[in-house]
Amino acid sequence: MLNCWEAALGAAVSIPVFLFVAAPYIRRYVAGGRCKSTARLEGKVVIITGANTGIGKETARDLARRGARIIIACRDIAKAEAAASEIRADTGNQQIIVKRLDLADTKSIREFAEKFLAEEKELHILINNAGVMLCPYSKTADGFEMHLGVNHLGHFLLTFLLLERLKQCAPARIVNVSSLAHHGGRIRFHDLQGEKSYNRGLAYCHSKLANVLFTRELARRLQGTKVTANALHPGSVYSELVRHSFVMTWLWKIFSFFLKTPCEGAQTSIYCAVAEELDSVTGQYFSDCQPAYVSPRGRDDETAKKLWSVSCELLGIQWD
C-alpha cells in the first residue's frame, strides 16, 4: 500500500516539474514562425484595418519600426488614437495616422477611401485585417449578414476603391487576413445572408473562406500589374476577436498559455507585407510565415468567380 502512495505522490510531483521544464518549449511551439525579414519601409504608405487592437495593432507597430507611414483605419476613433499614441511613443515614428472606417457601413467605406485618396498620394501595402467573429445574427447598415458584410464585402469594396492607387504605386501588396476556419466554410449562394439557416460559428467560417476565394480571384485579375494579393492564417491568438462569445472568452483565458500573443499572431501578416522573397508571389495562403494547405473549396476557381460577381452585385459596383 505504501508503494502505491509513493507512486501517486511521485506522479503528483513529476507532472508540475515536467510542465515547468517543458513550458519554454511548449511556448516556442505555440508561438510558431517569425518574420525574419529586415526590410525597411521608409517612404512606403500602409493601410491596416482594425489596427487599434490585437494582431492589427502589433502589425502596425512592427511596420512603424521599419519606417512606414501607417494609416490606422478603425471604427472606434478613441481606441485607435490611444493605439497610435502608444505606437508613436514606442517606435519614435510620428507618421501614425488615424482615420475612421466602419466596415459594416458602405457609406463609411466610401468616405474613408475618398478622403484617403484626396489626402495621400501613395499606397503601397493594404492589410485587410479587421474582422468580427461569433456574432449573434445581425446585419450591417446595408442589410448584409454581419460576418459576410464586415469580413468579406467590406474589404472587397475597400480594395476596389483603393486598387488604382495601389497599381500606380506598384510594386504593391494586398494582404488579406483569413483563418484556418476557412476549412469549415462553404459559400451558400442560396442563403448567402444566413436568413434561412444561421449558425454564428459557421458564418465566421464561411466569411473566412470568402477571404481565401477573393484573394485567389483578385490575384488572377492582377497578373502583370506588380500588385500581389495573398491570404493568411494568423494562428489561434489571445485577442478580443472572441468577445461576442462568453464561452470562448472564458476558454481563451483558461488556455491562454497555449495561444499566440498578438505579437506572435501578427508575424505572418508582417511576413506577407514585407518579405523580399514574396515580391512576385501572389494568390497564395500562408501560416506561420510559410505556405499552408488550402481547403478544396478554397481552390475552387468557379466558386471564386461566382462569388466575385455576386459581391459586385450586392455592392452595386462594376469590377472587371
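Worth saying up front: this structure is predicted, and the values here are computed from it rather than measured.
- For S85 (side chain) and E81 (main-chain N/O), no donor-acceptor pair under 3.5 Å exists by modelled atom type.
- Contact annotation: the side chain of L123 approaches that of L162 to within less than 4.5 Å [non-hydrogen atoms, C-beta and beyond].
- Counting heavy-atom neighbours within 6.0 Å of Q318 CD, excluding the residue itself, gives a total of 12 or less.
- Here ring-ring contact (aromatic ring centres under 6.0 Å, His included) pairs that include residues 298-320, with residues two or more places apart or in two chains, are F156-W308, F156-W319, F160-W319, F214-W308, W308-W319.
- Taking OG1 of T228 as the start and CG of L222 as the end, the distance is 8.5 Å to the nearest 0.5 Å.
- For the pair N151 (side chain) and S207 (backbone), a donor-acceptor distance under 3.5 Å is absent.
- A side-chain donor-acceptor contact under 3.5 Å links Q267 to the backbone of C35.
- Using a 3.5 Å distance cut-off with no hydrogens or angles, the side chains of H152 and S311 do pair a donor with an acceptor.
- The backbone N or O of I109 lies less than 3.5 Å from no partner atom in the side chain of D105, so there is not a single donor-acceptor pair.
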- Message: The test is salt bridge (charged side-chain N to carboxylate O under 4.0 Å, His left out); show your working for K139 and E195 and say whether it passes.
- Response: CA-CA 10 Å; K139 292 187 176 183; E195 294 173 326; 2.8 Å; yes

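- Summarising the geometry of E58 relative to A266, their closest heavy-atom pair is CB-CB, 3.9 Å, with the distance given to 0.1 Å.
- A side-chain donor-acceptor contact under 3.5 Å links S138 to the backbone of P136.
- At a cut-off of 3.5 Å, with distance as the only test, a side-chain donor of R299 or Y293 sits close to an acceptor on the other residue.
- Closest approach of G33 and D288 over heavy atoms only: N-OD1, 3.2 Å.
- In the displayed structure, K305 atom NZ is contacted under 6.0 Å by more than 12 heavy atoms of other residues, nucleotides or ligands.
- For the atom pair K79 NZ and R75 CZ, the distance stands at 9.0 Å (nearest 0.5 Å).
- Of the listed residues (D301, N211, T282), just one forms a side-chain hydrogen bond (donor to acceptor under 3.5 Å, both in side chains) with R216, and that residue is D301.
- For the pair R165 (side chain) and E120 (backbone), a donor-acceptor distance under 3.5 Å is present.
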- Where do R100 and E111 land on the salt bridge (charged side-chain N to carboxylate O under 4.0 Å, His left out) test, with the steps shown first? CA-CA 9 Å; R100 188 178 187 280; E111 287 176 351; 5.9 Å; no

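- L103 and Y137 fall into different hydrophobic clusters, where Ile, Leu, Val, Met, Phe, Trp and Tyr side chains are chained together by heavy-atom contacts under 4.5 Å.
- In this structure, H147 and V132 have side chains that are in contact, with non-hydrogen atoms separated by less than 4.5 Å.
- Scanning both residues, A273 and L63, for their nearest heavy atoms gives CB-CD1, 4.5 Å.
- Taken from OG1 in T140 to CD in Q193, the straight-line distance is 8.0 Å, to the nearest 0.5 Å.
- Defined by atom type and a distance below 3.5 Å, a donor-acceptor pair is missing between the side-chain atoms of H233 and S178.
- Closest approach of V212 to H182, counting heavy atoms only: CG2-CG, 3.9 Å.
- A donor-acceptor pair under 3.5 Å is absent between the side-chain atoms of H124 and the main chain of R173, judged by distance alone.
- The structure places CG of L232 at 8.0 Å from OG of S287, a figure rounded to the nearest 0.5 Å.
- No side-chain donor-acceptor contact under 3.5 Å links T49 and N128.
- When all heavy atoms are compared, the tightest approach of N52 to K57 is O-CD, 3.8 Å.
- A donor atom on one side chain and an acceptor atom on the other are not found under 3.5 Å apart for S108 and D102.
- Between I70 atom CD1 and I47 atom CD1 the span is 10.5 Å, to the nearest 0.5 Å.
- With values rounded to the nearest 0.5 angstrom, L163 atom CG is found 11.0 Å from R221 atom CZ.
- Here the shortest heavy-atom pairing between L213 and G298 reads CD2-O, 3.7 Å.
- Within a 6.0 Å sphere centred on NZ of K226, other residues, nucleotides and ligands contribute 12 heavy atoms or fewer.
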- Message: Please determine whether side chain to side chain contact (heavy atoms under 4.5 Å, CB included) holds for the pair R61 and D90, giving the CA-CA distance in whole Å, both sets of side-chain angles, and the decisive distance to 0.1 Å.
- Response: CA-CA 8 Å; R61 193 192 308 274; D90 185 33; 3.1 Å; yes

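- At distances below 3.5 Å, at least one donor-acceptor pair connects side-chain atoms of N230 with backbone N or O atoms of Q284.
- Under the 3.5 Å distance criterion, the side-chain polar atoms of K208 are matched with a main-chain donor or acceptor of V177.
- In this structure, the side chain of K260 engages the main chain of P234 through a donor-acceptor pair within 3.5 Å.
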- Message: Go through it in stages, so that I can follow the logic: the residues are D300 and R297, the test is salt bridge (charged side-chain N to carboxylate O under 4.0 Å, His left out), and I'd like the CA-CA distance, side-chain angles, deciding distance and then a yes or no.
- Response: CA-CA 5 Å; D300 188 329; R297 291 192 182 102; over 6 Å; no

